Amino acid sequence: MEPIMVTVVCLTYNHEKYIRQALKSMLAQKTNFPYEILVHDDASTDGTTKIIQEMAAAHPTIRLICQTENQYSKGVNIFTRFIIPEIKGKYVAFCEGDDFWTSPLKLYKQVTLMERHPKAALCIHNAIRVNRYGKRIGTVNTTDRSRKISCEEVIIGGGGFCATNSILAPSQLLLNPPAYFKEMPFDFVLQMYLASCGNTYCFAEKMSAYRVFADGSWTVRMKENPQSYQIHHDKAIKVLDKFNQDTGLKYNDTIKETILWEEYKYHFNRKDFPILQKEPYRSCKQKKTLSLKNKVILFLGLYMPPVLQCEMAIKEMIKKAQALK
């Protein structure tokens with residue numbers, strides 16, 4: 001039997017509305033090599049488990065890990081604990097249960113590139129952004145042309161540098177990951193770790209869709225529990241410091257800039273606008289990457305606080321009124 005070339009990792013939790021589309025997009029890949037789909041269901045409470053079990057019964061390409069108790073809520077790092085020991089492919093790719101791939105040639109193109117470049121440690125591509133209903137609302141433009149990406153670009157981009165479902169990497173690099181892998185959601189550490197292991201290549205072609213604010217997503221769970229954002233922030237700073245030490249301070253200046261950006265976002269989310277008026281935050285280079293909406297919020301917070309407070313009060317009243325219906 002020909003060895004498996006790619007293990008596609010699909011993490012899912014309460015993705016009943018999306019999981020079928022996600023798995024179908026993985027099964028639709030046109031390759032000249034075998035690949036498998038490793039699905040981890042974190043004890044979903046909706047119909048997700050039933051759907052993936054039905055699809056696995058019809059498609060031997062799908063392999064399941066179904067939890068009976070939710071591991072995320074226990075603080076377990078699912079990737080290091082359950083996924084890494086089960087990877088069989090030479091390469092590993094990712095697509096969470098609320099996302100999907102848009103090109104049937106995605107795996108073929110990425111594997112072909114990796115096979116031609118033995119020093120490659122990470123292959124990614126651009127993606128589209130869709131809302132919870134699947135309507136296109138934007139793009140994840142990592143690059144404007146297909147090219148090699150520097151490690152510094154990946155580090156400063158943080159976990160959002162590229163769509164996680166665009167990643168393909170040699171599985172060998174993940175079999176014995178650094179200790180800090182266990183401290184953060186894997187998309188944050190995965191990109192900069194892999195980029196530090198070799199060359200990174202990015203296709204300009206959009207070959208996947210990243211769903212924003214989907215039911216059960218990490219972003220939604222983070223908003224439902226504001227304290228989680230502070231925990232995430234603290235861990236991010238800690239991981240960046242450890243990464244800096246592990247790489248012998250090779251990327252020290254970039255990491256310092258990234259830590260400043262993480263702190264800037266933390267204060268922005270807390271609406272600590274007086275702090276953002278002071279140095280070093282006033283000179284933070286990455287604030288220019290804020291969305292137009294957030295730039296407006298920042299302007300109001302810095303120069304017209306009463307207007308922003310009024311807007312926030314109105315939104316809160318509307319939210320409460322809708323909850324009473």
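Values in this document were obtained by computation on a predicted structure and should not be read as measured data. Numbering starts at 1 and runs along the sequence shown.
- D42 and E69 get closest at one heavy-atom pair: OD1-O, 3.8 Å.
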- Task: Begin from the C-alpha positions of L168 and M114 and carry the test side chain to side chain contact (heavy atoms under 4.5 Å, CB included) through to its verdict.
- Result: CA-CA 9 Å; L168 183 127; M114 296 292 273; 3.6 Å; yes
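- Cluster partners of L249: none. The rule joins Ile, Leu, Val, Met, Phe, Trp and Tyr whenever side-chain heavy atoms lie under 4.5 Å apart, and it links nothing here.
- Shortest non-hydrogen contact noted between T142 and N126 is N-OD1, 2.8 Å.
- Looking only at side-chain heavy atoms (C-beta outward), H233 and E263 come within less than 4.5 Å of each other.
- Separating the CE atom in M26 from the CD1 atom in I37 is a distance of 6.0 Å, to the nearest 0.5 Å.
- Under the 4.5 Å side-chain criterion, counting only non-hydrogen atoms from C-beta, Y13 is not in contact with T48.
- By the rule that hydrophobic residues join a cluster once side-chain heavy atoms approach within less than 4.5 Å of another member, V307 and L298 end up as members of one cluster.
- Residues C162 and Q191 meet the side-chain proximity criterion, which asks for heavy atoms closer than 4.5 Å.
- Between K30 and Y108, every side-chain heavy-atom pair lies at or beyond the 4.5 Å cut-off.
- Closest of all the heavy-atom pairs between S25 and W101 is OG-N, 3.0 Å.
- Taken together through direct or relayed side-chain contacts under 4.5 Å among Ile, Leu, Val, Met, Phe, Trp and Tyr, L122 and I87 form part of one hydrophobic cluster.
- Put simply, I83 and L190 are part of the same group of oily side chains (I, L, V, M, F, W, Y) that touch within less than 4.5 Å, one to the next.
- Once rounded to the nearest 0.5 Å, the distance linking CG of L240 with NZ of K256 reads 13.5 Å.
- In this structure the side chain of I124 reaches within 4.5 angstrom of the side chain of I167, judged on heavy atoms.
- Clustering of Ile, Leu, Val, Met, Phe, Trp and Tyr side chains at separations under 4.5 Å leaves V140 isolated, with no partner residue.
- Once rounded to the nearest 0.5 Å, the distance linking CG of D98 with CD of E16 reads 13.5 Å.
- Side-chain atoms of T49 and Q53 form no donor-acceptor pair, as typed in the model, at a separation below 3.5 Å.
- F33 and Y35 have perpendicular rings, their planes meeting at more than 60° on a 0 to 90° scale where under 30° would count as parallel.
- Using the six-membered ring where Trp is involved, F273 and F268 have ring planes that are perpendicular, over 60° apart on the 30 and 60° scheme.
- The distance from atom CG of L260 to atom NZ of K287, rounded to the nearest 0.5 Å, is 10.0 Å.
- Separation of atoms OH (Y180) and NZ (K242) is listed at 10.5 Å; rounding is to 0.5 Å.
- Between I259 and D241, the closest side-chain pair of non-hydrogen atoms falls below 4.5 Å.
- By the ring-ring contact (aromatic ring centres under 6.0 Å, His included) test, F161 is found to be paired with no residue, residues two or more places apart in sequence or in another chain being considered.
- Put simply, the side chain of N70 gets close to the backbone of S73: a donor and an acceptor are under 3.5 Å apart.
- Of the possible polar contacts, none joining the R63 side chain to the L38 backbone as a donor-acceptor pair under 3.5 Å is found.
- Heavy-atom minimum distance, A93 versus L107: CB-CD2, 3.9 Å.
- Criterion: ILVMFWY side-chain heavy atoms under 4.5 Å apart, direct or through other members. Under it, L27 and L11 are not part of a common hydrophobic cluster.
- Counting only heavy atoms from C-beta outward, the side chains of F243 and V189 never approach each other to under 4.5 Å.
- Side chain of N14 to main chain of T45: a donor-acceptor pair is present (N/O by atom type, distance under 3.5 Å, no hydrogens or angles).
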- Message: What verdict does the side chain to side chain contact (heavy atoms under 4.5 Å, CB included) test give for H15 and R211, after you've listed the backbone C-alpha separation in whole Å, the side-chain angles of each residue and the deciding distance to 0.1 Å?
- Response: CA-CA 11 Å; H15 290 150; R211 200 181 302 268; over 6 Å; no
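- Remark: Y193 engages F181 in a ring-ring contact (aromatic ring centres under 6.0 Å, His included) (not counting sequence neighbours).
- Side chain to side chain, Y91 and E115 meet the donor-acceptor criterion of an N or O pair below 3.5 Å.
- In this structure, D41 CG and Q71 CD are separated by 11.0 Å, a value rounded to the nearest 0.5 Å.
- For the pairing with E205, the side-chain hydrogen bond (donor to acceptor under 3.5 Å, both in side chains) check across K109, H125, K106 returns one residue only, K109.
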- Determine, stepwise, if the pair F79 / L174 fulfils side chain to side chain contact (heavy atoms under 4.5 Å, CB included). CA-CA 10 Å; F79 185 63; L174 300 174; 3.9 Å; yes
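- In terms of modelled atom types and a separation under 3.5 Å, the side chain of S208 and the main chain of F100 share no donor-acceptor contact.
- Residues M207 and L105 do not share a hydrophobic cluster, defined by chaining ILVMFWY side chains whose heavy atoms lie under 4.5 Å apart.
- Between the E86 side chain and the L64 main chain, no donor and acceptor come within less than 3.5 Å of each other.
- For residues 40-67, every residue pair satisfying the ring pair (Phe, Tyr, Trp, His ring centres under 6.0 Å) rule, not counting sequence neighbours, is listed here: H40-F82.
- Within a 6.0 Å sphere centred on NZ of K238, other residues, nucleotides and ligands contribute 12 heavy atoms or fewer.
- Between A209 and N165, the shortest heavy-atom contact is O-ND2, 2.9 Å.
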Please tabulate, one pair per line, all N/O donor-acceptor pairs under 3.5 Å involving side-chain atoms of residues 146-157, not counting sequence neighbours.
residue : atom : partner : partner atom : Å
S146    : OG   : A204    : N            : 3.0
R147    : NE   : T143    : OG1          : 2.9
R147    : NH1  : E153    : OE2          : 3.3
R147    : NH2  : E153    : OE1          : 2.8
S150    : OG   : E153    : N            : 3.2
S150    : OG   : E153    : OE2          : 3.2
E153    : OE2  : S150    : N            : 3.0

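- Across A121 and P170, no two heavy atoms sit closer than the pair O-CD, 3.4 Å.
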- Item | Trace of the side chain to side chain contact (heavy atoms under 4.5 Å, CB included) decision for L23 with V39 | CA-CA 9 Å; L23 292 177; V39 182; 3.9 Å; yes
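- Looking at S171, its side chain never comes within 3.5 Å of a backbone N or O of V92 through a donor-acceptor pair.
- Considering only heavy atoms from C-beta on, T139 comes within 4.5 Å of K206 through its side chain.
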